Each structure stands twice: as C-alpha cells, then as structure tokens.
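Because the structure is predicted, anything quoted here is derived from the model rather than measured.
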Amino acid sequence: MMNNAPHTPARTVAITGGARGIGYQTAKELIRRGHRVAIGDIDEARAKEAAAELGVKVVTRLDVTEPDSFTTFLDLVERELGPLDILINNAGIMPTGHAHEEDDAVTRRQVEINVLGVIFGTKLALQRMLPRRTGHIINTASLAGELAVPGLATYCATKFAVIGFTEAARLEYRKSGVRLSTVRPTFTNTELVAGTAGAKGLRNAEPEEIARATADLIENPRPFVRVTRLAGAMVAAVKFVPRRLATGLGAALNTDSVFLADVDMTARRTYLDRIQNS
C-alpha cells in the first residue's frame, strides 16, 4: 500500500503554470506527499478544472509577466495557506522553427514568460522569504539551457537565462537561509513537444518524472537536478568533448532537424493557437 505521509514537514507551495503538464503533475505529487499546494495559470478555466481534479483549494488566474498579478497570487497563497515556503516557477512556452522566421511577438512572449516571469516571481518570493530566513525557490529550466538545439534558438536563450539568473541569485543569497535551484528536464511528453519526434535513441521524459525530481529537490535541496539521468549525463559530457564531435553527435541524434523540418505543424496547431492567444 502506498504511503502518503509527507517525507518532510508539510510546506506551503505555490506553482505557476499549474493547470497542465509538468506543473499539474508536480502539484499532484506534492499533494501526495502531504504538502499544501496552490496553483496559478494564465488559463483560468483550465486551472479551476485542474484544481477540482487535484483537490486544490487555492487557485487563481496568474499572468507571470505582470508583477501585480504575481503579487496577488502570492498574497492569496499566504492568506489561505500560510507563509510561502516553496515557489516553483514552472510557467513556460516553447515555439519551434527557424530563428529568422519567428514572429517578433512570439519572441517577445517567450522572453516575457520564460525569463521575466521567473525573475519577477523569484524577486517577489525573496521579499517574503528573506525576513524569515527560510524558503526555497525552484525555477524550471531545461537541458536546452545548457546545450543549444536548432529550431529552439529563442527558447534556448530563455532557458540559458533562467539558469544564469538562478545560479547568480543562489550565490548571492547562499547565506540567507533561502535556497534557489533549477530543474533541468530533457524534452518532456507534454503539449510543448506536440508534433515532434524527439531525439534518436533518447526517450522523452514523462511529466511525472519531472514532478518527482522537483519534489525530491524540496526534500534534499541542491543547486540543480537534470532529468532524465541519461540525457543529463550526455549534456554534461558533451561540454568536455571537441566542438566538431559534439556537433556530429547532435546530427546523429537528429537534433538538427527534430524541431525544424521534422515538425508536424498540424499536430502542433492546438498548442500554438493556445499560447498565441493567451
């Protein structure tokens, strides 16, 4: 029989982008482990559906690109669940395609959500956590924030930024009692990769794996975690091999085209319409 008792004392956790995918599964896993969870998402209708499915009582529309919206979310969390212990900055989008063809509005939206949303959330959480000298901010990055992938130029830039920002802030506040970490998933089977086949010889992660890794990071804090282990090990190793060999490995894995010529735009249309209209 599954033991649902928390592995650590129950914490108050706020998750952005909690209506779907990794955010939804993270909320589910943390609830299973006994934590108090609140979710925010730009898609208010889906967020409320997710909350009903999960038994989450604190849910609201959240636009991570607007500090006032983020403040309102965190105020609600603390009013209903108590002082914020954990913030998981998970909201993000991933358009694909050639950099020179990307619409400027799409470029801007990625930077606003993937980078500014993380920075705004981190700053607001720090303002609450630093006086108490406790707390943990977990920013969802990507292995694409360590290793560039053709067809994801802007997305990679945003995830490199998330890692750089989080690492700098982690060092800045290392003696404060507040921890900062990144979760760095490989490509994961959510809407973000709809219409893509993935790298040859490497499986995509499942959102439940990312959720477990995030929950484990709360219980055993460290600067970052890569998921999957195999993909993470390959990304780490590639940094130490000659550039020509690394480029050849990418071609062998089909990462040169998986987010370019090989994308099924029909299968991807629903996701793209949703993020463009949100």
Side-chain angles (χ1 to χ4, degrees), residues 4-92 112-140 162 165-166 169-170 173 176-183 211 214-215 217-219 221 278:
N4 289 327
H7 298 260
T8 58
R11 307 285 177 80
T12 295
V13 185
I15 304 174
T16 74
R20 293 177 173 84
I22 291 173
Y24 179 96
Q25 293 298 334
T26 300
K28 185 176 182 179
E29 178 66 17
L30 291 175
I31 291 166
R32 187 188 72 80
R33 298 194 189 195
H35 298 292
R36 301 178 294 271
V37 175
I39 61 174
D41 199 284
I42 191 69
D43 186 342
E44 185 175 18
R46 174 55 202 155
K48 289 181 177 179
E49 290 175 358
E53 293 164 6
L54 296 168
V56 167
K57 303 301 183 184
V58 180
V59 56
T60 189
R61 181 183 184 277
L62 168 63
D63 182 349
V64 298
T65 72
E66 293 292 340
D68 287 347
S69 178
F70 221 133
T71 297
T72 298
F73 173 51
L74 297 184
D75 284 346
L76 175 66
V77 171
E78 296 203 315
R79 185 167 62 250
E80 297 295 327
L81 299 180
L84 180 68
D85 296 308
I86 315 289
L87 173 64
I88 301 174
N89 281 312
N90 169 75
E112 288 175 341
I113 295 173
N114 297 3
V115 181
L116 292 180
V118 168
I119 293 174
F120 291 155
T122 298
K123 290 166 61 179
L124 290 168
L126 283 169
Q127 291 164 15
R128 295 161 191 262
M129 294 173 176
L130 288 171
R132 301 194 301 266
R133 299 191 63 80
T134 186
H136 194 173
I137 300 165
I138 300 175
N139 294 331
T140 303
V162 168
F165 170 77
T166 307
R170 181 182 66 80
Y173 296 106
S176 71
V178 178
R179 295 184 169 95
L180 292 97
S181 307
T182 53
V183 177
T214 302
L217 198 56
I218 292 172
E219 296 173 4
S278 64

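- Side-chain N or O atoms of R128 include none that pairs as donor or acceptor with a backbone N or O of G135 at under 3.5 Å.
- Every side-chain hydrogen bond (donor to acceptor under 3.5 Å, both in side chains) that E49 has, sequence neighbours left out, goes to R46.
- When side chains are defined from C-beta on, V115 does not count as touching F165, because their heavy atoms never get closer than 4.5 Å.
- Within the 4.5 Å cutoff, no side-chain heavy atoms of Q25 are placed close to those of E29.
- Judged purely by atom type and a 3.5 angstrom limit, N89 has no side-chain atom pairing as donor or acceptor with the backbone of G121.
- With a 4.5 Å cut-off on side-chain heavy atoms, L87 and F70 count as touching.
- Taking R36 as the reference, A10, T12, L81, D85 meet the side-chain contact (heavy atoms from CB on, under 4.5 Å) condition, with sequence neighbours excluded.
- Taking 4.5 Å as the limit, some side-chain heavy atom of I42 sits within range of a side-chain heavy atom of R61.
- Side-chain atoms of N90 never come within 3.5 Å of backbone atoms of T140 as a donor-acceptor pair (strictly under, hydrogens ignored).
- L30 is not listed as a side-chain neighbour of I86, based on a closest heavy-atom distance of 4.5 Å or more.
- Of the possible polar contacts, one joining the H35 side chain to the R11 backbone as a donor-acceptor pair under 3.5 Å is found.
- With sequence neighbours left out, T214 forms a side-chain hydrogen bond (donor to acceptor under 3.5 Å, both in side chains) with no residue at all.
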